[in-house]
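Labels below follow one simple rule: chain letters A, B, ... track the order of the sequence lines, proteins then strands, and each chain is numbered from 1. Because the structure is predicted, anything quoted here is derived from the model rather than measured.
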Protein chains: 4
Amino acid sequence: MNAKTTTAAKKTPVKKAKAPRAEAAEEDGTRATILNVAIQEFSRHGLSGARIDTIAAETGANKGMIYYYFGGKEGLYVAALEESYRRFRRVESEFHLDDLPPVPALRTIVASTFDYHAQHPEFIRMVMTENINNGEYVRKIAELQQINRPAIALLDRLCKRGIAEGVFRSDLDPVDLHMSISALSFYNVSNQHTFSFIFGRDLTAPAVHSARRDSVVDMILRFVRAP
Amino acid sequence: MNAKTTTAAKKTPVKKAKAPRAEAAEEDGTRATILNVAIQEFSRHGLSGARIDTIAAETGANKGMIYYYFGGKEGLYVAALEESYRRFRRVESEFHLDDLPPVPALRTIVASTFDYHAQHPEFIRMVMTENINNGEYVRKIAELQQINRPAIALLDRLCKRGIAEGVFRSDLDPVDLHMSISALSFYNVSNQHTFSFIFGRDLTAPAVHSARRDSVVDMILRFVRAP
Amino acid sequence: MNAKTTTAAKKTPVKKAKAPRAEAAEEDGTRATILNVAIQEFSRHGLSGARIDTIAAETGANKGMIYYYFGGKEGLYVAALEESYRRFRRVESEFHLDDLPPVPALRTIVASTFDYHAQHPEFIRMVMTENINNGEYVRKIAELQQINRPAIALLDRLCKRGIAEGVFRSDLDPVDLHMSISALSFYNVSNQHTFSFIFGRDLTAPAVHSARRDSVVDMILRFVRAP
Amino acid sequence: MNAKTTTAAKKTPVKKAKAPRAEAAEEDGTRATILNVAIQEFSRHGLSGARIDTIAAETGANKGMIYYYFGGKEGLYVAALEESYRRFRRVESEFHLDDLPPVPALRTIVASTFDYHAQHPEFIRMVMTENINNGEYVRKIAELQQINRPAIALLDRLCKRGIAEGVFRSDLDPVDLHMSISALSFYNVSNQHTFSFIFGRDLTAPAVHSARRDSVVDMILRFVRAP
DNA sequence: CATGAATGAGGCTTCATTCAT
DNA sequence: CATGAATGAAGCCTCATTCAT
């Protein structure tokens with residue numbers, strides 16, 4: 001069900017996930033190269049705008065390899081989407097915030113999340129693309145919930161700690177909080193082109209970026225603070 | 001040049017904005033019908049995923065009419081994008097908040113904006129699509145800044161009033177505030193498919209929607225409140 | 001750029017001159033077949049009148065192959081034009097006139113050139129077509145001057161020899177002479193349809209053809225003869 | 001049989017040659033304007049390359065007018081072709097050479113013809129185009145032979161006079177002579193683009209033009225001269 | 001595994017022509 | 001006569017996919 005569930009599923013044998021691949025995909029090898037190039041291409045142009053030819057050309061490999069490893073365009077897209085999420089969420093497991101008091105810890109999370117979004121536009125664009133696709137392909141990634149769980153878990157622990165210490169409001173919902181942090185971080189990247197043009201404020205300029213980050217951190221902190 | 005950035009733009013007359021059309025485009029007539037259908041198609045599938053044939057078929061008109069009125073796919077896309085913005089922003093001019101105190105006024109703005117985003121996913125998707133396109137086409141819409149100005153102006157007046165009355169912090173930036181409101185409203189629509197799947201929370205469910213709206217309103221109000 | 005001067009030439013690889021083709025193009029293989037058919041089609045209908053679909057159909061190959069090998073209609077046209085010149089000029093290198101006295105040698109050249117034009121209307125028509133195109137495409141053929149050099153070189157040697165022997169006028173210009181021979185040979189083919197109709201003289205009739213050839217040979221010989 | 005003999009002759013009523021037009025077409029009025037523009041367009045791009053839209057646009061009139069006056073693209077093309085011939089041949093009737101001795105008279109004819117060709121590339125291009133069309137449309141112009149008769153008649157009288165005076169060879173054929181003069185004059189215009197590029201000699205440069213004219217005049221005179 | 005060649009469906013666009021007013 | 005709008009056929013080109021080697 002990985003590749004080729006939608007269109008023209010007639011003849012493809014779909015040898016999925018062949019080759020002794022480790023879970024990490026930044027390894028070398030043809031398969032990994034294709035995946036890296038695919039993430040770039042799909043994030044730049046979306047699913048329909050991406051070109052198999054371009055991916056093959058930039059990979060240096062032959063087009064047949066894409067079909068061999070991923071079964072087709074959609075299979076490759078799903079793999080690229082999954083890998084994007086995987087890389088993006090990997091960072092959260094690297095936070096070690098349990099030694100920090102809740103407020104500085106949250107401050108760190110928000111600021112880091114905000115920055116990390118800006119540093120990974122290809123992930124933001126993959127997610128935008130997938131939402132344009134109505135999430136049709138993301139549903140095929142079985143492990144996706146699991147991949148994203150740590151992000152919520154981290155906030156959950158922090159909320160509990162902050163509430164216990166009396167510095168956070170007691171009615172916080174970690175998912176809701178995660179959503180706010182995500183929204184404020186995501187938008188800055190996802191809408192940067194239209195926003196920049198319309199309001200004449202270049203969101204990638206360092207000063208603008210950090211002012212906005214401060215504002216976002218401030219907003220979140222005011223939101224959670226106990227009355 | 002607005003339309004026909006691609007091929008053989010030499011001889012095509014591309015009679016843009018023909019026909020005595022009023023600024024409103026919800027009128028009938030072939031041109032208006034095409035535009036309405038195009039907004040649906042582009043917002044559903046993006047620029048590269050949209051199909052001229054589909055638009056023509058659903059319009060009931062001949063495919064050539066698209067070229068007659070809009071010069072080509074890109075010309076039509078730009079027109080659809082502009083019209084989307086125009087319709088979306090039209091609502092703001094209908095707010096009459098000067099009689100309300102600043103806090104209720106802002107509460108109204110945020111809640112309305114949040115709801116209005118949810119009610120107009122085709123606009124959100126157009127903007128997402130255009131950002132996937134790196135804002136390449138939005139730049140061709142000369143009046144866009146002007147179309148969006150009232151949104152800022154409204155907030156600007158409100159901030160000044162709230163600050164004068166001592167109920168808002170004195171360091172508010174209307175554009176920054178607008179951005180936060182937009183981000184929190186936008187994300188709920190733009191990322192609904194991935195978010196729903198990953199966190200198992202259907203953002204379109206009325207209860208979820210209004211809980212989230214309350215949270216967003218709350219967040220904005222806490223943010224602006226004078227200390 | 002050779003091929004794809006029109007649309008979206010961004011990503012197209014346009015692998016020109018692929019396949020281990022020898023300089024001769026009358027070989028078989030898809031590429032060669034397309035080229036041969038294209039020469040017929042373009043010479044019959046000109047650039048704008050030629051049909052890619054017709055060429056593909058007569059080739060028996062898939063339409064995509066034309067784009068694969070030649071990048072597009074214009075790329076194919078340029079290749080067909082170049083190949084036409086190449087074939088046409090190949091004959092001159094097969095003359096071995098150095099053993100003949102100047103006058104018979106020139107007589108041979110003129111008569112052969114005249115006949116050769118009549119036997120290769122597709123070349124004449126390609127050249128006409130290209131002149132209708134203002135020579136826009138011929139300029140893209142880097143080797144064209146080189147391809148045509150032998151024709152002048154042959155006449156140059158002959159003129160020098162004739163002058164040295166005192167049988168030719170001393171003020172001959174080989175390029176001018178070439179032009180006269182070409183003009184008189186070319187016109188008979190290029191204008192045959194209009195001329196035939198207007199003056200009721202079928203230039204392809206053997207008797208008419210050879211009478212005209214004699215007249216042309218005579219004209220050139222009288223022109224070069226030493227006083 | 002003027003317009004619409006070939007394609008899609010289904011429904012067109014073909015109101016040919018309406019409007020009280022004089023034989024001359026340089027008059028003003030919509031019909032004449034269309035014809036003038038059409039000569040330019042067809043001579044520039046050939047029959048298949050010419051665009052009805054372009055002609056209409058440059059005429060300033062509506063496309064329907066072309067159909068009204070000429071029945072369609074082919075009808076207009078035939079009319080443009082006829083008018084081109086008519087204008088081109090008009091000049092010959094203006095020669096008054098009976099007072100000149102045969103040799104100067106012929107010299108005048110050749111030089112004038114040569115120059116006149118260079119001054120009327122649109123005529124040369126119309127004739128090229130029509131030959132690419134295999135003379136399919138020229139046959140529909142009933143008066144064409146008659147239009148071209150004076151050119152031969154002029155030469156015929158001159159040949160007879162020159163022969164009678166003993167200055168011309170006695171075996172001259174006026175049609176053959178006309179053909180030689182035409183060929184040498186025509187080629188300089190018809191093949192100028194390819195020739196210029198290949199041999200690096202700009203045939204439109206005044207010095208090149210007159211040197212070539214001298215050569216052509218010389219060639220014809222040597223050809224006719226009595227032994 | 002890897003490659004170059006081939007395929008076919010479908011996409012965007014053009015253009016001569018016609019129609020209603 | 002004149003116009004703007006409409007039509008439909010056909011044109012060129014792209015692209016995911018497959019195949020033979």
**Study point:** Taking every non-hydrogen atom, the tightest pair across Ala56(D) and Lys63(D)
**Key:** CB-CG, 3.6 Å
Check your understanding: dG11(E) P sits how many Å from Leu76(B) CG, rounded?
Key -> 16 Å
Point to revise | Between CD1 on residue Ile39(D) and CD1 on residue Ile34(D), distance to nearest 0.5 Å | key: 12.5 Å
Study note, to complete from the structure: Between Lys73(C) and Met65(D), the residue closer to the 5' end of DNA chain F by nearest nucleotide is Met65(D)
Exercise for review: Would you tell me whether Arg125(B) and Asn134(A) have side-chain atoms, one donor and one acceptor, within less than 3.5 Å of each other?
Suggested key: yes
Exercise for review: Report the stems of DNA chain E as range-with-range entries sorted by first number; a stem here is at least three consecutive pairs, Watson-Crick or G-U wobble, both distances under 3.5 Å, and write none if there are none.
Suggested key: E:2-21 with F:2-21
**Study point:** Whole angstrom value for the distance that separates C1' of dT13(E) from OH of Tyr77(B)
**Key:** 20 Å
Exercise for review: Rounded off to whole Å, could you give me the CD1-to-C1' distance for the Ile34(D) and dC1(F) pair?
Suggested key: 11 Å
Exercise for review: Given side chain to side chain contact (heavy atoms under 4.5 Å, CB included), test Lys73(A) with Arg51(A) step by step and report yes or no.
Suggested key: CA-CA 9 Å; Lys73(A) 190 184 189 182; Arg51(A) 295 290 168 256; 4.1 Å; yes
Exercise for review: Mind checking the CD-OH spacing from Glu130(D) to Tyr137(D)? Nearest 0.5 Å is all I need.
Suggested key: 8.0 Å
Point to revise | Distance, rounded to the nearest Å, where His45(D) contributes NE2 and dC15(E) contributes P | key: 11 Å
Point to revise | Short side-chain N/O contact from Thr30(C) to OP1 or OP2 of dA6(E), under 4.0 Å | key: yes
Study note, to complete from the structure: From CZ of Phe70(B) across to P of dT13(E) the rounded distance in Å is 14 Å
Practice item. Just compare dA6(F), dA6(E), dA16(F) and give me whichever is closest to any side-chain atom of Tyr67(A). Key: dA16(F)
Study note, to complete from the structure: Taking dA2(F), dA6(F), dA5(E) as options, the one with an atom nearest any side-chain atom of Tyr68(C) is dA5(E)
Exercise for review: Could you give me the CA-CA distance, side-chain angles and deciding distance for Tyr77(B) and Asn133(B), then say whether side-chain hydrogen bond (donor to acceptor under 3.5 Å, both in side chains) is met?
Suggested key: CA-CA 11 Å; Tyr77(B) 170 73; Asn133(B) 294 334; 3.1 Å; yes
Exercise for review: List the steps, then state whether side chain to side chain contact (heavy atoms under 4.5 Å, CB included) holds for Met126(D) with Thr129(D).
Suggested key: CA-CA 5 Å; Met126(D) 286 301 283; Thr129(D) 286; 5.6 Å; no
Practice item. Take Phe42(C) and Leu81(C) through the side chain to side chain contact (heavy atoms under 4.5 Å, CB included) test and state the conclusion after the steps. Key: CA-CA 9 Å; Phe42(C) 283 123; Leu81(C) 189 59; over 6 Å; no
Check your understanding: Rounded to the nearest Å, what distance is computed from the CD1 atom of residue Ile66(C) to the C1' atom of nucleotide dG8(E)?
Key -> 14 Å
Practice item. Would you please test His45(A) and Ile132(B) for side chain to side chain contact (heavy atoms under 4.5 Å, CB included) and show each step? Key: CA-CA 7 Å; His45(A) 305 291; Ile132(B) 288 291; 6.0 Å; no
**Study point:** Residues within residues 46-63 of chain B bordering DNA chain F, heavy-atom distance below 4.0 Å
**Key:** Asn62(B), Lys63(B)
